Each structure stands twice: as C-alpha cells, then as structure tokens.
Trainee: 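Below: one structure in structure tokens.
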Amino acid sequence: MFDLKLIRENPDGFDAGLARRGLGPRAAEILAFDEQARKFTHSLNELQARRNASSKEIGQAKAKGDEDRFNALRAEVETIKQEIPAEEEGRERAMSAVNDILSGVPNIPDDDVPAGEDEDANVEIRRWGEPAKLDGAKEHFDLGEALGQMDFETAVKMSGSRFVLLKGQLARLERALASFMLDLHTNEFGYTECQPPLLVKDETLYGTGQLPKFAEDQFVTTADLTLIPTAEVSLTNIVREEILSAEALPLRFTAWTPCFRSEAGSAGRDTRGMIRLHQFSKVELVSITTPDQSNAEHERMTECAEEILKRLELPYRTMVLCTGDMGFSARKTYDIEVWLPGQDRYREISSCSNCGDFQARRMNTRFRGEGEKHTSFVNTLNGSGLAVGRTLVALLENYQQPDGSIAVPAVLQPYMGGAEKIEALT
RNA sequence: GGAGACGUGGCCGAGUGGUCGAAGGCGCUCCCCUGCUAAGGGAGUAUACCCCAAAAGGGUAUCGAGGGUUCGAAUCCCUUCGUCUCCGCCA
C-alpha cells in the first residue's frame, strides 16, 4: 500500500517504480479518483458542518420555546440531509476505486535492487562452503525412501499428492532441526519465540499482502478462516493496528509452524520429493523496526538465517532478487540457496525481505518517537530461518554416506538423542 | 452449545437523546512553589482526514465494528465481533 501524498507529489516517481516491476503507469488513474474522493469529502464535510450547526440551534430554539424558529430550522436540516447520501456514495465509490487499484499494486523495489525479468537476473552476493561433488549422489527422496522413513505413498493415500509422511529418525530430525533453529534465534539473536494461530482472518492476510491478489494460493476453511501460508502472516500481524513506542523497537519474533500452500500454478514443478509440498514446516523470523533501522535489520536477519547453515555446515550462496523475481510486498529480498548434491544445484532455502512500510500501511501499524506528536509507519521484515523441510532435504543430500545412511552434524546430535547417524529401519 | 452481563481516551471510570471528543481520578509532560524528601498550585496530554504558505485557528469523522431511528445518538433499535460469569461439553 502506498502513501497517496507521495503519489500526488511525485506521480512520475511512482510510475517509474512500477515500470521497474514491469508494470504500466497507474498514477494518473489513481490521482483522478483521489481528487474525486477529496472533492466529495470536502462538500460532505461542509454539509455535515451546516447540519450540525443547525441541529444545535434547534436545541436552543426548543429550549426557548421558539416554535417558528424550531420549525424553520427543522426544514433546513431536512433539505441538507437529502443532499448528504449522494456525496457519501460518491466519496465511497471514488475511495474504493483508489483502494482497489492500490491494494493490487506491489511494493516498489529499492534503488539498489538489480533490474531483471526473472530468477536468471538475480545476483549472487556471497557464497559460503564448498559445494560437494559426490559421485553417484542420490536425491533426498531416494535416500529417505531407502531408509524407510520418508513415505510418499501413504501420504498420497490419505491426502493426495504433495504431502509426505516422515517416520522414525527422519520425523525426529524435522523436530531436531526446528529446535536447533529456534534455540539459536532466541538464545543468540534475541528473537522472541511465539506459537501463533495457524488460521487467520482475511484482514490479517490483507495486512501482509496475500490478499486480495493471491487468494488462489491459500487454503480457506469452511469457517472463512485461512490456513497460514507462512508464519510471516501471524507474526507480522501481531502489531496490526498498534501504535508502538520507538524505544520498544525493534521487535523480533520467531515461530516454528506448519505452512499451507495450494501451489496453484506450479503443477508439474518439483513433483517428486519434499521440495514443494502443500504442507511444510518453517521457522520464521519477523522484525518490526523504525524506517532508519530496517536496512541494517535486513542484513542482520539474513545473517541470522545464514548462521544456521554455517553451523550445519551446509554450503550456500546468497542472492539479491532482481525486480522481476521479488514477492508482492517486498522492497528488497535476499534468497539463501543451499547446495543440493543430489540435484547438483543450489536451491532456495530461505527468503529474507524488507517490506519497508508497505505492510505497515495495510495493517495500520505505527510508532511514535519519544516526545514526538506525530506517528509514522513502522517497517516490517520477514525471513525464513529456515524452511525446515528443505533443510532436512539438504542434510540428507549433503551428509549421505556410501552405505545409504545419513551422518548427523555435530550441532544436531544433542537434539537427536546423541545419534551420530540415521540408518534404515530394521 | 444454553442463560446472563458488559465493551467509553495510555489506564481506571462517569455519562440513558441536545450545550459530550466526552466529568472525575490515575499516569505522563511542562511551569510555579517548597532549603533534601514528602506534599502543594497551574497548564497541557486521542487518532485520521480536510481548509490555511506556515503557525495560530477552524471543520469533519471516530465512545468495539457495521447498519437503522431522529432535526440531533456514547446514550434508543438491529446485526456482528470480542470480553466476563454460570451451566453443558471437551484436548
């Protein structure tokens, strides 16, 4: 969502920003409706002022027992009242026209975001670890199925495609990874652990930008509540409609939750294995900051996510997404891609975005500096720290042994009951 | 799920049709007084939008939300959301 004042002041700048997203200009159209709305608001305010003034006089006239004056004023108010609905409707129409356009417009990219159409234009900014070139490296689903602990068939039986049933040590590995991640983020990086609702209202999804544009990507229940596609939704909306004090910022929240995505439009992509599921678990990071802190917080958050991979000794590279590959609400996004020997390529395992005040405007989340009279919108950031399912995939592929077992990285062993490797069920 | 009560400013709380954006208290800010401390006095203290070059000033809306009645609604009616109490059920 955008500041209408800024669009008024600099319509060309707004359109230029849209152009970087590959979108056509909208400023002229928006401002035309905006001007209409303002005109209606103005005349409506004047009518209401006259009505209010006369109504007050009516009270006084009645108190004095001045019947003629009383009746004259009543007639006057009556005519004013007849004019009001038309103004209200006009304003409503114009305002919702502005809103309809604005709520479907994505965030404007930061100046330093590289231009480009798709993921091929993303720019690598750093790389950590040595990508393993294993002879005969297997993909995670072959490894998991051979271990007898990653069961797609049974999942299909009960839920259909894009689900998985983990069992035994792989089920535990999922839990171990999540615990490890949460411990790091809470103990070392100052995030507050949360257990948020997984079902949310439409307004909540609107706040973070999933609605109105991406309704098809969500699983909606019969109770009109929607399963969260990411804990970003719940964690960011913690501050919805709040006015925070600047001293309280930054706020940092983390949560391990299941995420539900319909994956509409990705038919045929990553159909095998655990890469793209309707349900997966993720440890999410969310920060609420002042505008001047948000860029630094973005770097920090990305490093928090990277630190997980370092400690698990999984090679990765960090990319800046180009203008064409960024999500709807993001102003700038870093993707962290982990090395998968089985696929012989890097795959996204985390996405860290600075949304600026885009979501804050939708949520109406503001802060007030000390001694300040006026409020400003906060900035919001979110990142995966990390996608747990994909981390499990990376672990299997990078730690696979010739005998089909999986070595357990040292930092994870305490979370695995001391196990040093994962072996087939006997 | 059944019965009842309630939702007012940062907090508490008054207000049952007009002069109420809202008494009073607490908290907070500023000033004054007081030889520390304690106490006391005064002023200020919601959000958004609009008018105004700006300030001053003014206007509109908001008393959970939405709608209605009325010349006029925090106050009456309807719907809805939420909270509390009792009962039932339940992890």
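If you're wondering where the values come from, they're calculated on a predicted model, not measured in any experiment.
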Trainee: Can you pull out every ring pair (Phe, Tyr, Trp, His ring centres under 6.0 Å) where at least one residue sits in residues 39-87 of chain A? Sequence neighbours excluded, please.
Mentor: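 Pairs touching residues 39-87 of chain A that pass the test: none.
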Trainee: Taking 4.0 Å as the cut-off, does a side-chain nitrogen or oxygen of A:Arg366 come that near to OP1 or OP2 on B:rA48?
Mentor: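 True: A:Arg366 side-chain N/O within range (under 4.0 Å) of B:rA48 OP1/OP2.
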Trainee: Roughly how far apart, to the nearest Å, are B:rA48 and B:rC63 at atom C1'?
Mentor: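 Going atom to atom, C1' in each nucleotide, I get 16 Å.
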Trainee: Tell which nucleotide pairs with B:rA22, taking only Watson-Crick or G-U wobble pairs whose two distances are both under 3.5 angstrom.
Mentor: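 Result: none.
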Trainee: A:Leu244 has an atom CG; how far is it from atom C1' of B:rG10, in whole Å?
Mentor: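 Rounded to whole Å, this separation is 14 Å.
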Trainee: What is the base-pairing partner of B:rC90, counting Watson-Crick and G-U wobble geometry with both distances under 3.5 Å?
Mentor: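 With both distances under 3.5 Å required, B:rC90 matches none.
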Trainee: Atom CD of A:Glu242 and atom P of B:rG10: how far apart are they, to the nearest Å?
Mentor: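 It works out to 11 Å between those atoms.
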Trainee: If we call it a pair only when both distances are under 3.5 Å in a Watson-Crick or G-U wobble match, what pairs with B:rA73?
Mentor: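 Because no pair has both required distances under 3.5 Å, B:rA73 counts as unpaired.
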Trainee: Determine the interatomic distance between P on B:rA39 and the same-named atom on B:rC26; round to the nearest Å.
Mentor: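 Those two atoms are separated by 12 Å.
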Trainee: Any chance you could measure A:Met181, atom CE, to A:Ser384, atom OG, to the nearest 0.5 Å?
Mentor: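 Atom-to-atom, A:Met181:CE and A:Ser384:OG are 10.0 Å apart.
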Trainee: Mind checking side-chain contact (heavy atoms from CB on, under 4.5 Å) for A:Thr41 and listing every partner two or more places apart, or none if nothing turns up?
Mentor: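 side-chain contact (heavy atoms from CB on, under 4.5 Å) check on A:Thr41 returns A:Asn45, A:Arg91.
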Trainee: Atom pairs under 3.5 Å, N or O on each side, protein against nucleotides 49-53 of chain B: can you list them with distances?
Mentor:
{"residue": "B:rC50", "atom": "OP1", "partner": "A:Arg38", "partner atom": "NH1", "Å": "3.2"}
{"residue": "B:rC50", "atom": "O2'", "partner": "A:His42", "partner atom": "ND1", "Å": "3.3"}

Trainee: Scan every strand shown for a Watson-Crick or G-U wobble partner of B:rG17, both distances under 3.5 Å, and answer none if you come up empty.
Mentor: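 Pair assignment: B:rG17 / none.
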Trainee: Report the residue from A:Thr208, A:Thr380, A:Thr365 that forms a side chain to side chain donor-acceptor pair (under 3.5 Å) with A:Gln359.
Mentor: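 Single pass found, and it is A:Thr380.
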Trainee: For nucleotides 67-71 of chain B, tabulate all protein N/O to nucleotide N/O atom pairs closer than 3.5 Å, reporting atom names and distance.
Mentor:
{"residue": "B:rC71", "atom": "OP1", "partner": "A:Arg74", "partner atom": "NH2", "Å": "2.8"}
{"residue": "B:rC71", "atom": "O2'", "partner": "A:Ser55", "partner atom": "OG", "Å": "3.1"}

Trainee: In whole angstrom, give the distance that lies between atom CD of A:Gln48 and atom C1' of B:rG58.
Mentor: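 Whole-Å distance recorded here is 16 Å.
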Trainee: Looking at residues at least two apart in the chain, or sitting in another chain, which of them share a salt bridge (charged side-chain N to carboxylate O under 4.0 Å, His left out) with A:Glu29?
Mentor: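 A:Glu29 satisfies salt bridge (charged side-chain N to carboxylate O under 4.0 Å, His left out) with A:Arg26 once adjacent residues are dropped.
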Trainee: If we take the P atom in both B:rU45 and B:rC51, what is their distance in whole Å?
Mentor: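 After rounding to an integer number of Å, I get 24 Å for this pair.
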Trainee: Considering residues at least two apart in sequence or located in another chain, which fulfil the ring-ring contact (aromatic ring centres under 6.0 Å, His included) criterion with A:His298?
Mentor: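 ring-ring contact (aromatic ring centres under 6.0 Å, His included) list for A:His298, sorted by chain: A:Tyr334.
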Trainee: Applying salt bridge (charged side-chain N to carboxylate O under 4.0 Å, His left out) to A:Arg261 and A:Asp217, what does each step give before you reach the verdict?
Mentor: CA-CA 6 Å; A:Arg261 299 186 182 178; A:Asp217 297 337; over 6 Å; no
Trainee: How would you list all residue pairs meeting ring pair (Phe, Tyr, Trp, His ring centres under 6.0 Å) that involve residues 213-259 of chain A, not counting sequence neighbours?
Mentor: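 Sorted pair list: A:Phe214-A:Phe328, A:Phe219-A:His278.
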Trainee: Could you measure the distance from the CD atom of A:Gln36 to the NZ atom of A:Lys39? Nearest 0.5 Å is fine.
Mentor: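 Separation between the atoms: 8.0 Å.
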Trainee: Please give the distance between the P atoms of B:rC78 and B:rA5 as a whole number of Å.
Mentor: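 Pairwise P distance, B:rC78 against B:rA5, rounds to 13 Å.
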Trainee: Would you compute the distance between atom NZ of A:Lys332 and atom OG of A:Ser294 and round it to the nearest 0.5 angstrom?
Mentor: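 One finds 10.5 Å between NZ of A:Lys332 and OG of A:Ser294.
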Trainee: Rounding to the closest angstrom, what is the interatomic distance between B:rU75 and B:rU62 at atom C1'?
Mentor: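 That atom pair is separated by 16 Å.
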Trainee: Determine, for nucleotides 77-83 of chain B in 5'-to-3' order, which nucleotides have protein heavy atoms under 4.0 Å from the base (write B), from only the sugar-phosphate (write S), or from neither (write -).
Mentor: -------
Trainee: Whole Å only: how far is the CD1 atom of A:Ile243 from the P atom of B:rC28?
Mentor: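 Checked: the CD1 to P distance equals 20 Å.
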Trainee: Write down the partner of B:rC49 under the Watson-Crick or G-U wobble criteria, each distance required to be under 3.5 Å.
Mentor: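 By the stated definition (distances under 3.5 Å), B:rG59 pairs with B:rC49.
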Trainee: Measuring from A:Glu303:CD to A:Cys352:SG, what's the distance to the nearest 0.5 Å?
Mentor: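 Here the rounded value is 10.5 Å.
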Trainee: If the P atom of B:rG1 is compared with that of B:rU8, how far apart are they to the nearest Å?
Mentor: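 It comes out at 24 Å once rounded to the nearest Å.
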Trainee: Does the structure show a Watson-Crick or G-U wobble partner for B:rA43, both distances under 3.5 Å? Name it, or say none.
Mentor: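 In the structure as shown, B:rA43 has B:rU29 as its Watson-Crick or wobble partner.
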Trainee: Residues of residues 82-105 of chain A with any non-hydrogen atom less than 4.0 angstrom from an atom of RNA chain B: list those, numerically ordered, please.
Mentor: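 Within this stretch, nothing sits under 4.0 Å of the strand.
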Trainee: Work out how far the P atom of B:rG64 is from that of B:rC6, and round it to whole angstrom.
Mentor: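 Those two atoms are separated by 13 Å.
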Trainee: Could you check how far CD of A:Glu57 sits from C1' of B:rU19, rounded to whole Å?
Mentor: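 Those two atoms, CD and C1', are 13 Å apart.
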Trainee: Which pairs would a plain distance check flag for residues 189-200 of chain A, meaning a side-chain donor or acceptor within less than 3.5 Å of a matching protein atom at least two apart in sequence or in another chain?
Mentor:
none

Trainee: Quick one: ring-ring contact (aromatic ring centres under 6.0 Å, His included) partners of A:Phe367, sequence neighbours excluded?
Mentor: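 Once residues adjacent in sequence are excluded, A:Phe367 has no partner under the ring-ring contact (aromatic ring centres under 6.0 Å, His included) criterion.
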Trainee: Grab the CD-C1' distance between A:Glu241 and B:rU47 for me, whole Å please.
Mentor: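 Spelled out: CD on A:Glu241 to C1' on B:rU47 is 12 Å.
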Trainee: Can you list the residues that meet the ring-ring contact (aromatic ring centres under 6.0 Å, His included) rule with A:Phe2, with sequence neighbours excluded?
Mentor: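 For A:Phe2 the ring-ring contact (aromatic ring centres under 6.0 Å, His included) partners, ignoring immediate neighbours, are A:Phe14, A:Phe358.
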Trainee: In this structure, how many angstroms lie between the C1' atom of B:rU60 and the CD atom of A:Glu46, rounded?
Mentor: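 Going from CD in A:Glu46 over to C1' in B:rU60 covers 10 Å.
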Trainee: Paired with B:rU34: which nucleotide, if any, by Watson-Crick or G-U wobble criteria at under 3.5 Å for both distances?
Mentor: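 Pairing partner: none.
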Trainee: Provide the distance between the two P atoms, one in B:rG18 and one in B:rA74, to the nearest whole Å.
Mentor: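 That atom pair is separated by 11 Å.
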Trainee: Taking NZ, NE, NH1 and NH2 as the nitrogens, is one of them in A:Glu232 or A:Lys282 under 4.0 Å from a carboxylate oxygen of the other?
Mentor: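 Salt bridge flag = no for A:Lys282 with A:Glu232.
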Trainee: Only pairs with both distances under 3.5 Å count, Watson-Crick or wobble alike; so what is the partner of B:rG4 in this structure?
Mentor: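 Matched B:rG4 with B:rC84 under the 3.5 Å cut-off.
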Trainee: Could you tell me the separation between the CD1 atom of A:Ile101 and the CD1 atom of A:Ile30, rounded to the nearest 0.5 Å?
Mentor: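 That separation rounds to 5.5 Å.
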